[in-house]
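Encoded as structure tokens, the structure appears first; notes follow it.
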Amino acid sequence: MVLLRFPDTVCAYDDGALLPDLPVVTPESSEESAISAALFALRDAYGPVGAFIYLHGQPIGEPEVDDAPHTGVVDAVRRPFILAKYLWSDLAAAAGAGWAGFFTATRMDGALGTSGQLPGGARGLAAGGLAGLTKTLRLEWPTVTCRAVDLAPELEPDQVAELLFGEICDPNRLVAEVGWGDRGRMTLEAGARQLPPVPEEIGYGA
């Protein structure tokens with residue numbers, strides 16, 4: 001296992017939560033060229049990537065939605081997209097050899113953003129975007145196990161690690177997203193619903 005850790009100027013970390021003696025590769029910045037170079041260095045030192053877990057952290061500062069251009073929020077959305085771009089070849093090869101996985105982990109509300117109690121401002125929007133990325137990759141990478149996992153903020157780190165490991169080991173590849181919170185384990189399911197009638201004063205345009 002190798003930790004790809006972005007610089008402290010990009011992400012805020014709780015160093016006490018890091019695994020002891022874990023190899024670390026640090027990109028020089030969050031720019032695409034730096035991320036690509038870091039992944040090449042990782043391959044050279046430790047071999048190709050067979051599984052990847054993106055842990056969504058807290059951007060520097062707490063910008064509101066109106067401050068979307070804030071660098072920390074923009075990077076929080078861009079980083080996983082860039083990583084997926086450069087991980088595809090490794091994951092495709094690993095899948096062909098037996099198994100490969102791409103997982104994202106967020107700490108929204110443990111209910112995939114459906115509780116109405118998301119983190120404030122753009123931070124919550126960035127976390128929610130990871131589920132969209134993961135579900136898109138699931139369609140584009142049919143041989144790779146892709147899943148978005150949302151863990152309630154009140155869960156302790158050891159609980160988070162255990163639950164996330166359980167999702168990685170789950171053989172049911174049909175589940176695209178999972179939440180863990182006060183209701184236990186949940187996912188979303190599409191269903192038919194009758195739409196309310198359009199008020200007469202609104203109507204439809206010609």
Side-chain angles (χ1 to χ4, degrees), residues 1-8 10-27 30 42 46 49-62 72-73 75-81 83-84 87 91 99-135 137-138 144-188:
M1 183 181 294
V2 181
L3 177 66
L4 184 72
R5 174 187 167 117
F6 285 91
D8 293 345
V10 175
C11 298
Y13 295 103
D14 176 6
D15 286 339
L18 297 180
L19 296 175
D21 301 321
L22 190 65
V24 179
V25 174
T26 303
S30 61
L42 186 152
Y46 306 104
V49 178
F52 182 79
I53 308 168
Y54 185 83
L55 304 177
H56 177 68
Q58 177 177 336
I60 302 299
E62 287 289 344
V73 175
D75 283 351
V77 175
R78 288 178 63 249
R79 284 193 300 268
F81 281 80
L83 286 162
L87 287 168
L91 296 180
W99 183 87
F102 184 98
F103 296 83
T104 57
T106 57
R107 303 295 296 272
M108 290 191 291
D109 57 0
L112 300 169
T114 63
S115 70
Q117 299 177 355
L118 292 178
R123 177 187 168 195
L125 295 179
L130 283 176
L133 167 65
T134 310
K135 289 186 288 185
L137 293 179
R138 180 171 172 267
V144 178
T145 299
C146 298
R147 181 173 298 179
V149 184
D150 180 41
L151 302 134
E154 61 268 19
L155 293 175
E156 296 295 329
D158 57 341
Q159 292 177 287
V160 168
E162 182 178 354
L163 293 172
L164 188 54
F165 184 73
E167 295 301 330
I168 294 170
C169 296
D170 182 12
N172 184 1
R173 295 183 56 206
L174 298 178
V175 179
E177 52 188 344
V178 167
W180 278 99
D182 56 7
R183 293 184 291 176
R185 187 175 189 257
M186 58 85 70
T187 190
L188 303 179

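For E162, the CD atom is loosely surrounded, since the number of other residues' heavy atoms within 6.0 Å does not exceed 12.
Here the straight-line distance linking atom CD1 of I168 with atom CZ of F102 works out to 12.0 Å at 0.5 Å rounding. Between the CG atom in L174 and the CG atom in N172 there is a gap of 5.0 Å [rounded to 0.5 Å]. For the atom pair R138 CZ and E177 CD, the distance stands at 9.0 Å (nearest 0.5 Å). Once rounded to the nearest 0.5 Å, the distance linking OG1 of T26 with CG of L3 reads 7.5 Å. Atom CG of residue L91 and atom SG of residue C146 lie 8.0 Å apart, to the nearest 0.5 angstrom. Atoms CZ and CD1, from F165 and I53 in turn, are 9.5 Å apart once rounded to the nearest 0.5 Å.
Between A84 and L137 the shortest heavy-atom distance is CB-CD1, 3.8 Å. The minimum heavy-atom distance linking M108 with G113 is given by the pair CE-N, 3.9 Å. Contact record, A51 with W99: CB-CZ3, 3.7 Å, taken as the closest heavy-atom pair. Between P7 and P27 the shortest heavy-atom distance is CG-O, 3.3 Å. Contact detail for G181 and A152: the closest heavy-atom pair is CA-CB, 3.8 Å. Heavy-atom minimum distance, A111 versus R183: CB-NH2, 3.4 Å.
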Determine whether T114 and L188 satisfy the following criterion, side chain to side chain contact (heavy atoms under 4.5 Å, CB included), listing intermediate values before the conclusion. CA-CA 9 Å; T114 63; L188 303 179; 3.9 Å; yes
Run the side chain to side chain contact (heavy atoms under 4.5 Å, CB included) check on V2 and L22 step by step: do they pass? CA-CA 6 Å; V2 181; L22 190 65; over 6 Å; no
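Judged purely by atom type and a 3.5 angstrom limit, D109 uses its side chain to pair as donor or acceptor with the backbone of L112. Using modelled atom types, no side-chain atom of T106 and backbone atom of H56 make a donor-acceptor pair closer than 3.5 Å. Using modelled atom types, no side-chain atom of R107 and backbone atom of L55 make a donor-acceptor pair closer than 3.5 Å. Here the side chain of R5 pairs no donor or acceptor atom with the backbone of V24 at under 3.5 angstrom.
The cationic group of R79 does not satisfy the cation-pi geometry with Y54, failing either the under 6.0 Å distance to the six-membered ring centre or the 45° limit from the ring axis.
E167 pairs by the side chain to side chain donor-acceptor pair (under 3.5 Å) definition with R147, W180, R185, not counting sequence neighbours. With sequence neighbours left out, T134 forms a side chain to side chain donor-acceptor pair (under 3.5 Å) with T104.
The closest side-chain donor-acceptor pair between T145 and R173 falls under 3.5 angstrom.
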